[in-house]
Amino acid sequence: MADWFEEYFGEEYLLLYPHRDLEDAERLVQLLGDTVGLAPGWRVLDVACGSGRHAAAFKARGGAVTGLDLSKHLLQRAHESLEFPVIRSDVRCIPVRPRTMDLTVNLFTSFGYFDSDAAHAQAVAEMVATVRHGGWFALDFLNAVQLPKELVPHEEGVLAGSPVRIDRWLDEGGEHVFKSITTSDGRRFVERVRLFTSEELALLLSAAGCAVSHRFGDYDGAPLAADSPRVVLAGQVA
Ligand SMILES: C[S@@+](CC[C@H](N)C(=O)[O-])C[C@H]1O[C@@H](n2cnc3c(N)ncnc32)[C@H](O)[C@@H]1O
């Protein structure tokens with residue numbers, strides 16, 4: 001059986017997240033660019049780039065961007081509309097020459113999808129291995145401490161003009177958050193994300209050779225706090 005993330009990120013995904021737009025991405029890219037000293041010509045790898053909104057913003061700042069994603073549908077969208085090279089691949093096995101990127105990023109909760117923590121560690125190791133010595137790696141994830149306090153269990157949404165039901169729940173140990181979207185014609189999409197805390201993420205990065213030096217709690221650069229909306233970590237690779 002296919003993993004959930006192999007089927008979830010198609011056309012419906014874009015329709016469901018219209019507010020996650022370019023403007024939103026530009027704020028985060030500006031923050032990261034300023035943090036790492038992004039210079040024109042820098043080689044940037046956007047891992048799990050989706051339709052390429054962050055990649056487009058990096059490109060606009062002079063980055064030589066490559067996007068990588070597993071979703072054929074989203075990569076097609078990225079390549080056609082934004083014209084930068086894309087690679088279709090799983091994050092656990094990245095076909096990029098090691099130590100060639102100035103900056104590799106993984107943004108907007110594009111992490112925590114696998115069945116085991118060993119697979120998550122492998123994904124981090126693969127991403128960090130693409131970065132040159134002294135280059136940067138950045139990860140933007142949900143805040144696993146705050147999320148359970150704000151979880152909205154049921155919600156009505158709209159997908160392409162039709163109503164959808166959205167349900168969210170945690171598993172018994174509180175290790176994963178689930179979100180299911182049920183369409184009016186009975187289709188159901190279920191997303192599952194491992195709730196890594198910022199400390200756990202920093203440890204994963206450190207084990208892969210990236211020492212986290214910056215911890216932000218939103219896309220405007222607020223310091224990370226217990227109730228921050230996001231966890232944005234950045235560090236240099238030894
Ligand atoms: C939440 S979306 C974010 C996309 C993009 N970063 C953005 O902010 O618009 C997660 C992305 O991860 C990609 N993805 C999921 N599992 C993956 C895997 N195993 N390897 C590579 N990409 C994956 C999906 O196809 C999707 O584009």
Side-chain angles (χ1 to χ4, degrees), residues 1-32 44-60 63 65-82 84 86-96 103-130 137-144 147 166 168 176-181 189-196 218-219 229-233:
M1 204 175 90
D3 283 309
W4 71 265
F5 50 82
E6 293 178 51
E7 297 174 338
Y8 187 84
F9 295 103
E11 184 64 42
E12 279 92 356
Y13 171 76
L14 286 175
L15 296 170
L16 279 165
Y17 288 87
H19 58 293
R20 295 294 179 185
D21 58 12
L22 197 53
E23 202 179 305
D24 187 37
E26 273 163 1
R27 275 167 59 222
L28 177 56
V29 166
Q30 179 165 344
L31 173 66
L32 293 176
V44 180
L45 179 66
D46 183 356
V47 177
C49 63
S51 59
R53 60 200 178 110
H54 299 99
F58 278 117
K59 193 176 168 192
V65 187
T66 300
L68 179 145
D69 203 282
L70 194 59
S71 164
K72 196 167 147 193
H73 183 89
L74 296 184
L75 279 180
Q76 252 164 11
R77 180 73 78 94
H79 185 58
E80 278 162 18
S81 55
L82 303 166
F84 55 84
V86 293
I87 301 169
R88 183 164 186 224
S89 169
D90 190 294
V91 61
R92 289 167 291 184
C93 184
I94 297 181
V96 166
L103 169 66
T104 292
V105 297
N106 179 264
L107 306 176
F108 187 48
T109 320
S110 299
F111 185 69
Y113 299 167
F114 301 123
D115 289 338
S116 73
D117 283 353
H120 291 121
Q122 186 185 341
V124 172
E126 283 285 303
M127 291 191 280
V128 170
T130 63
F137 177 67
L139 181 74
D140 160 39
F141 198 64
L142 52 76
N143 182 350
L147 180 138
I166 302 171
R168 298 183 184 85
H176 297 90
V177 60
F178 293 79
K179 175 172 165 183
S180 90
I181 295 156
F189 303 89
V190 182
E191 172 192 288
R192 183 197 65 205
V193 177
R194 170 87 158 90
L195 289 176
F196 287 110
D218 66 21
Y219 296 161
R230 302 296 301 169
V231 168
V232 181
L233 305 178

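Heads up: numbering here begins at 1 and tracks the sequence. Just follow the structure's listing: the first ligand is 1, and inside any ligand the first atom is 1. Scope of the values below: all heavy atoms of this structure, side chains included, with no hydrogens, waters or symmetry mates. As the structure is a prediction and not an experimental result, all values here were calculated from the model.
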Quiz item: Do any N or O atoms from the side chain of Asp140 and from the backbone of Phe108 form a donor-acceptor pair under 3.5 angstrom?
Solution: yes
Practice problem: In plain terms, say whether Arg194 and Asp117 are close enough for a salt bridge, that is, a side-chain N and a carboxylate O under 4.0 Å apart. | Solution: yes
Where on [X] is there a heavy atom closer than 4.0 Å to ligand 1, on the side chain, on the backbone, on both, or on neither?
X	result
His54	side chain
Ser51	neither
Phe108	both

Test of proximity, [X] against ligand 1: N or O pairs below 3.5 Å:
X	value
Ala48	yes
Asp69	yes
Asp90	yes
Val91	yes
Arg53	yes

Self-check item: Which atom of His54 lies closest to which atom of Asp46, heavy atoms considered
Solution: CB-OD2, 3.6 Å
Quiz item: For the residue pair Ala119 and Arg92, what are the closest heavy atoms and their distance?
Solution: O-CG, 4.0 Å
Quiz item: So is Ser89 in contact with ligand 1, going by heavy-atom distances below 4.0 Å?
Solution: yes
Heavy-atom contacts with [X] under 4.0 Å: which atoms of ligand 1 show up? List them by number with element.
X	answer
Phe114	19 (N)
Phe5	15 (C), 16 (N), 19 (N)
Ser71	25 (O)

Quiz item: Are Asp115 and Arg192 close enough, and set up right, to give a salt bridge (charged side-chain N to carboxylate O under 4.0 Å, His left out), and what steps lead you there?
Solution: CA-CA 10 Å; Asp115 289 338; Arg192 183 197 65 205; 2.8 Å; yes
Quiz item: Got a second to check how far Phe84's CZ is from His79's NE2, nearest 0.5 Å?
Solution: 9.0 Å
Exercise. Measure the shortest side-chain to side-chain distance between Thr66 and Val96 over non-hydrogen atoms and say whether it is less than 4.5 angstrom.
Key: no
Exercise. With the side chain counted from C-beta on, respond yes when Leu70 and Phe5 share a heavy-atom pair under 4.5 Å apart, and no when they do not.
Key: yes
Self-check item: Proximal candidate to atom 22 (N) of ligand 1 [heavy atom criterion; set Val193, Thr109, Asp46, Leu70]
Solution: Leu70
Self-check item: Sub-6.0 Å ring centroid separation between Phe111 and Phe196
Solution: yes
